[in-house]
Amino acid sequence: MTTPLYRQLGLTDGEFAHIPTLIGRAPTDAELAMFSLMWSEHCSYKHSRRLLRRFPTEGPHVLQGPGENAGAVDVGDGWAIALKIESHNHPSAVEPFEGAATGVGGIVRDILALGARPIALLDSLRFGSLESARSRHLFTRAVAGIGHYGNCIGVPTVGGEVAFDDRYEDSCLVNAMCIGLVRADGILRAAAFGEGNLLVLIGNRTGRDGIGGASILASAELSSDDADKRPSVQVSDPFTERKLMDCCLELAADSAFLALQDLGAAGLTSAACEMAAKGGVGLEIDLDQIPLREGGMAAAEILVSESQERMLGLVAPETLDHVLATCSRWELDASVIGTVTTTGNFTARHHGAIVVDIPASALTDDAPAYDVPRTPASAPTPLELDHIPAPDDLQAAWAELLARPNLASKRWIYQQYDHLVGANTIRRPGGDAAVVRIPGMKRALAITTDCAERHCELDPRGGGRASVFEAARNIACTGALPLAASDCLNFANPEKASTGWRLAEVIEGMSEALEAIAVPVVSGNVSLYNESPERAIYPTPVVGMIGLLDDAGSSVGHALASEGDLVIVLGGGIARLDASEWIGAAHGAPALPNLDGEAALIGFMVSAAREGLWCSAHDISGGGIAITLAESALAGGIGCMVTLPEDRRPDEVLFGESGERIVATCRPTALARLTALAGDVPITVIGSVGGDSVDVHLGGATIRLDLEIARVAYEATLPEAVA
Amino acid sequence: MTRVVVTVMPRQGVLDPQGQAVRGALGRLGFSGIHDVRLGRRIELELDGPDPLGTAREMCERLLANALIEDFTVAIED
Amino acid sequence: MTRVVVTVMPRQGVLDPQGQAVRGALGRLGFSGIHDVRLGRRIELELDGPDPLGTAREMCERLLANALIEDFTVAIED
Amino acid sequence: MVAVVRFPGSLDHESAVRAVRGVGGEATYAWHADPQLPDGTRAVIIPGGFSYGDHLRPGAIASRSPIMDAVRRHADAGGLVLGICNGFQVLCEAGLLPGVLRTNATTSFVCRQVELEVLDHDTPFTRELGAAISVPIKNHDGAWFGDPHHARIVFSYGPENPLGSVASAAGVASARGNVLGLMPHPEEAVDPLLGSTDGLGLFAALVRA
Ligand SMILES: Nc1ncnc2c1ncn2[C@@H]1O[C@H](COP(=O)(O)OP(=O)(O)O)[C@@H](O)[C@H]1O
Ligand SMILES: [Mg+2]
């Protein structure tokens, strides 16, 4: 017996049975295709929707919380910042260059949909070990694709992160984040309204592009000799995207759009249904008006095509001529494809016949939602250091650690990204958070993405907290006050009870941390089922965060500055090797991040920065204090001498992680004021800046990292690994 | 030594932004009657060995063409 | 409607870094006996009009090829 | 008045305008489809970006647009024309500057700060510049290829030749010196916040011309 079409499309028996109760009859094929995509995990968040309600989403400066194409926060003087992070994992695994490139294109259009001008991009990447040829291919091509798209549309890619681990060998992660600038009173929403208003489709023509649902649909419907009708991989067209940006922003500035929506997953179906459902109106669409790239496309194909570089604008009839003329000046196709009705139904005509006529809300609001099964994993076992040999040559271990792909310089990546276009990048990639001046303002934003995936694997609640705090510390190290977050929850199959539990726990931990530092989540994305029969990814909740600096000129960098500056460790974190880079795998029982301690550390960092007391700051993360000191010294081209306490095993002291610690430097004259400001935050002077090596005195011995040798170890890894 | 010519073209149905851009430019230069422009690559290889065509085909499969979005042909040039 | 194939290749004597990069990559994939790799463009035009070859040649001169570094040929595809 | 030409896919036009205004000059945009430069244009900047997506060859499609006829007339009359990055590519493709920009020897996009040697201070653009300036490069096709003996090479990369240009050239002027193209971005080196102000002199000269 052949599997029924609805199951091949991913609908369960129960979901399929529910459709007639919503629309009063059996669905047509086109309608079934629409239901299957709109009720997919990707569009409906059916396994995560209930859990996501836990996130704190409110704050005095939130102008747009989750639910629109992107979130937005007030940054003063009438301006707002839009932000959103999103995954393009599966398409990137199929075709890394185009998959990653179109991922960038998609997130940029989400920001554009608010009427915001994209001003910065970041990328968060996970691949299998660089020893695997497949992972090298995915990594190098994904980086090339991200660079190609971002460079060509003129939005600087100012930061990101990458990690390599066998757990991502079968399911790589490609997440992209975009930040945009918009007038606070000019934020566009996606809700359609006003009977007779027109839907205008702008941008690329519609072809048989699609990877997810659309291809299943086609393979179910097409015989093998119809190969040329198979959906094709989406090919990126950044040139058209740039024109789309210029054109839509010009029209938004003219108040020509009543609403704006990008076409992403599930294409027109999703875009139009969401506009209708949000506005509580109906839409009547004429598929014959959609410019097609190929002949003979079926109604269902047009409805779910995922052709890129398309936007859907809602326009009043009297503004139409202006909109069409502007599109034509930008050499972009634009067509009126439908009108707003009062029926509440999504109606589509094709060749004169009605092929779809269903309540728009049936596809959106009535989508299923499930509780994930939750079975706690057993508690992690602490590392038994007695069974882990200590390195006998700490100096060699230090250099080796610095050269590991997860810790080595990421210059090979960001040198392929235009991180300067727009002339607003104040702190370039290579430090903690990037700092970007808000165009036209005295203020600047600090931006970062971070995730503590090994910690999440061992203790999801603690790892959720750690991911948020790592992002917040990176922001705070620049002197910026953490302001808002977006998140991308990359997980394995949530229908497995251990994954469901991890998802819930991570969200709980992230929420606790976000509440502790009063940072709301204003947007996000979920990517589930990142597993193969052989392996599942670590829980990877990537946190994208922005922070605000009142004075763009006051940001703090991570480079050691001048001879004689004091080197200080701030915060109460205790170095531990559990889940560390030094151990190199998810082993041990990392400490639960302390909510009050982290919040106090971040608060202290920022308030001292406001008084201009820091010469540099860099948080302690992967590789421990040894790597933090090495990076700051390399960036500054000057060394330091420090003495570390002998209270633990030397490799723990040097390479231990844990969060809640920052290495900062200050002028000796600032120390008294810092001590007064620190309150409950422990601060310890450990040494001073100077020399051309990093010298660590530990238990009577001196461990030395020569900067010139370190630089070679640090810079050579990635170029050599991919050569 | 054999000279093998490889041509790699975007597959039918796959977006060809380059071809579209060139087509637009030719139109603006005043050329008319252009139905379609498709842009691809031509790779000329000089190869030693017993089976140059087979080698070139394998090169296409492993590096020169991206089977998901491109079609290729190989031919011996005389 | 006539289908004209334009090929544009780097001129002899002009360094072809992309070709060299491809050659290096092929070598790293284990292919041997590669004497030379040259990378160029293939442009397929579908044209109306009385003199498609002449038109294509003019298109090359005015846009499709840069005479400083590239040679072109035009041919009718059957 | 400095006219900054805008093509579909231009990216650095706003930075160019900001750089001109930053040294007290006036700037306006010129649209690629217009046959004339704006009234009162004294100097033209063709900014960086990916005009027409860099399809076919970088700068090739833009160099054939209507505004370029006006730019050519402006240059022939001795007016100043500055092409930055993609603008340099456009000027070479238009035949206003010798040579052509080819794919970087790295065959990748390269974004980094570089040191430039100023080899020719005798152009209207370079009189106020020091012997060496620090500016960013960010391009994929920035290797100048041409005859170094018959070209006026104005800027060269310091000891290294990061993109593989002939004669390590980073910028080239016309024989008369009134048309200049360079791959690096002086308009992104006009603000201490962004790390360098070495590009200011170039815009100051342009505005005073
Ligand atoms: N994929 C990437 N794209 C762009 N920049 C990156 C990428 N990976 C790392 N970087 C940059 O390299 C620097 C170091 O990254 P990382 O080690 O993740 O920093 P941290 O530990 O402070 O989060 C940061 O400035 C980051 O923005
Ligand atoms: Mg950091």
Side-chain angles (χ1 to χ4, degrees), chain A residues 117 119 140 143-144 146-158 236-247 328-332 411-430 435-437 439-440 442 444 551-555 557 719 722, chain D residues 6-19 22 29 31-34 47-56 58 61-62 65 84-86 104 106-114 135-142 162 184-196 199:
Chain A
R117 175 151 82 120
I119 57 168
T140 54
V143 166
I146 291 162
H148 170 66
Y149 210 97
N151 298 345
C152 201
I153 60 172
V155 180
T157 304
V158 297
S236 57
D237 182 1
F239 172 52
T240 296
E241 181 101 336
R242 176 67 203 202
K243 292 191 292 181
L244 206 49
M245 276 167 57
D246 283 326
C247 178
S328 139
R329 201 161 57 80
W330 281 106
E331 300 171 8
L332 285 168
R411 188 185 308 277
W412 182 86
I413 302 174
Y414 59 73
Q415 194 159 291
Q416 295 183 60
Y417 299 161
D418 185 341
H419 42 263
L420 302 173
V421 59
N424 289 305
T425 307
I426 296 171
R427 298 271 172 207
R428 303 179 183 188
V435 176
V436 175
R437 172 170 56 193
K442 193 168 175 257
D551 177 1
S554 73
S555 73
V722 301
Chain D
R6 213 174 157 188
F7 301 104
S10 289
L11 306 178
D12 299 325
H13 46 281
E14 285 180 31
S15 311
V17 166
R18 222 196 284 165
Y29 289 124
W31 187 243
H32 67 102
D34 289 343
F50 280 75
S51 61
Y52 291 97
D54 266 7
H55 293 312
L56 197 62
I61 298 179
S65 54
I84 303 170
C85 196
N86 191 228
N104 297 339
T106 59
T107 67
S108 64
F109 192 94
V110 177
C111 178
R112 52 173 283 206
Q113 199 77 12
V114 294
V135 282
I137 47 171
K138 6 174 267 182
N139 62 69
H140 186 277
D141 302 272
H185 288 262
E187 84 283 17
E188 294 195 2
V190 294
D191 184 342
L193 263 188
L194 306 181
S196 168

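Everything quoted here is computed from the prediction, not taken from an experiment. Proteins come first, then strands; the chains are lettered A, B, ... in the order of their sequence lines, and each starts at number 1.
Residues Asn424(A) and Arg18(D) are in side-chain contact: their nearest non-hydrogen atoms beyond the backbone lie under 4.5 Å apart.
The line from CG of Asn151(A) to CZ of Phe50(D) is 5.5 Å long, rounded to the nearest 0.5 Å.
With a 4.5 Å cut-off on non-hydrogen atoms, Arg437(A) touches chain D through its side chain but not through its backbone. For Asp191(D), the part lying near chain A is the side chain, with the backbone staying farther off; criterion is any non-hydrogen pair under 4.5 Å. With a 4.5 Å cut-off on non-hydrogen atoms, Ser10(D) touches chain A through its backbone but not through its side chain. Of the atoms belonging to His185(D), not a single heavy atom falls under 4.5 Å from chain A.
Counting all heavy atoms, side chain and backbone alike, Val421(A) lies closest to Asp12(D) at CG2-OD1, 3.2 Å. Closest approach of Ile426(A) and Leu193(D) over heavy atoms only: CG2-O, 3.7 Å. Of all heavy-atom pairs between Arg6(D) and Asp246(A), the closest is NH2-OD1, 3.4 Å. Between Glu331(A) and Pro8(D) the shortest heavy-atom distance is OE1-CG, 4.2 Å. Contact record, Cys111(D) with Tyr414(A): CB-O, 4.5 Å, taken as the closest heavy-atom pair. Contact detail for Ala423(A) and Ser15(D): the closest heavy-atom pair is CB-OG, 3.8 Å.
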Show the numbers, then the answer: is there a side chain to side chain contact (heavy atoms under 4.5 Å, CB included) between Tyr52(D) and Phe239(A)?
CA-CA 6 Å; Tyr52(D) 291 97; Phe239(A) 172 52; 3.6 Å; yes
Begin with the C-alpha distance, continue with both residues' side-chain angles, and end with the deciding distance and a verdict on side chain to side chain contact (heavy atoms under 4.5 Å, CB included) for Lys138(D) and Leu420(A).
CA-CA 8 Å; Lys138(D) 6 174 267 182; Leu420(A) 302 173; 4.2 Å; yes
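Of all the listed residues (Pro439(A), Ala144(A), Gly422(A), Gly553(A)), the one sharing the greatest number of non-hydrogen pairs under 4.5 Å with chain D is Gly422(A).
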